[in-house]
Amino acid sequence: MSEKTQQIFNFPFEEFESSSALNISEKELVEKAEEIAKGAYAKYSNFSVGAAVLLENGTIVTGSNQENAAYPSGLCAERVALFYASSQYPDTPVKAIAVTALRNKQPLDEPVPPCGSCRQVFVEWEKRFNQPFVVLMAGKKKIIKIEKASWLLPFNFQSDFL
Ligand code: THU
């Protein structure tokens with residue numbers, strides 16, 4: 001006889017109407033993401049993404065998406081920022097990441113959700129430092145805040161499986 005139980009993944013998130021509703025360090029993080037997005041190398045998609053990573057030591061590291069004529073050789077802003085932060089400060093945990101985007105140089109009203117590959121990196125980073133970090137997805141008219149990055153990737157693959 002087989003038995004079946006239904007389970008549901010659920011996680012809380014907060015929505016804000018603008019960055020003025022955020023606390024001061026979150027607001028600064030979003031502003032840094034907005035600033036760096038402007039310099040993205042996004043000539044193929046015209047979709048410029050900026051990410052700002054706040055480290056435990058208070059340092060903010062930023063990155064933008066870097067595209068390539070061989071499309072898969074490009075990299076998302078979130079991973080550019082996280083990998084650079086990890087290269088410079090390999091032992092310093094991440095506290096938060098803010099992400100924002102421009103389409104054809106115009107800031108988006110809606111928040112941009114990180115892609116699946118970036119979420120996989122978020123999972124790895126939470127595990128390696130054994131602590132959760134906040135994700136802020138910032139649009140002009142809405143900002144979403146999630147307390148634990150790995151909530152964005154249920155049933156994720158981790159080193160325990162290896
Ligand atoms: N992109 C990011 O940088 N981050 C995301 O979370 C979504 C997508 C970039 C990749 C590519 O350069 C462009 O946006 C269009 O997909």
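Treat the numbers as computed from the prediction; the structure is a model and nothing was measured. Both counts, for ligands and for their atoms, begin at 1 and track the order of listing.
- Under a cut-off of 6.0 angstrom, the local environment of NZ in Lys127 is crowded, with over 12 non-hydrogen atoms contributed by other residues, nucleotides or ligands.
- Here Ile8 sits alone; no ILVMFWY side chain lies under 4.5 Å from its own, so it joins no hydrophobic cluster.
- Applying the salt bridge (Lys or Arg N to Asp or Glu O under 4.0 Å) definition to pairs two or more places apart or across chains, none involves residues 88-107.
- Taking the six-membered ring wherever Trp is involved, the centroid distance between the rings of Phe122 and Trp151 does not fall below 6.0 Å.
- Inter-residue side-chain proximity for Glu147 and Pro12 is flagged as unmet; no heavy-atom pair is nearer than 4.5 Å.
- Here Phe157 pairs with Phe161 under the ring-ring contact (aromatic ring centres under 6.0 Å, His included) rule; sequence neighbours left out.
- Near ligand 1, heavy-atom contacts under 4.0 Å come from Ser45, Phe47, Val49, Asn65, Glu67, Cys76, Ala77, Glu78, Pro113, Pro114, Cys115.
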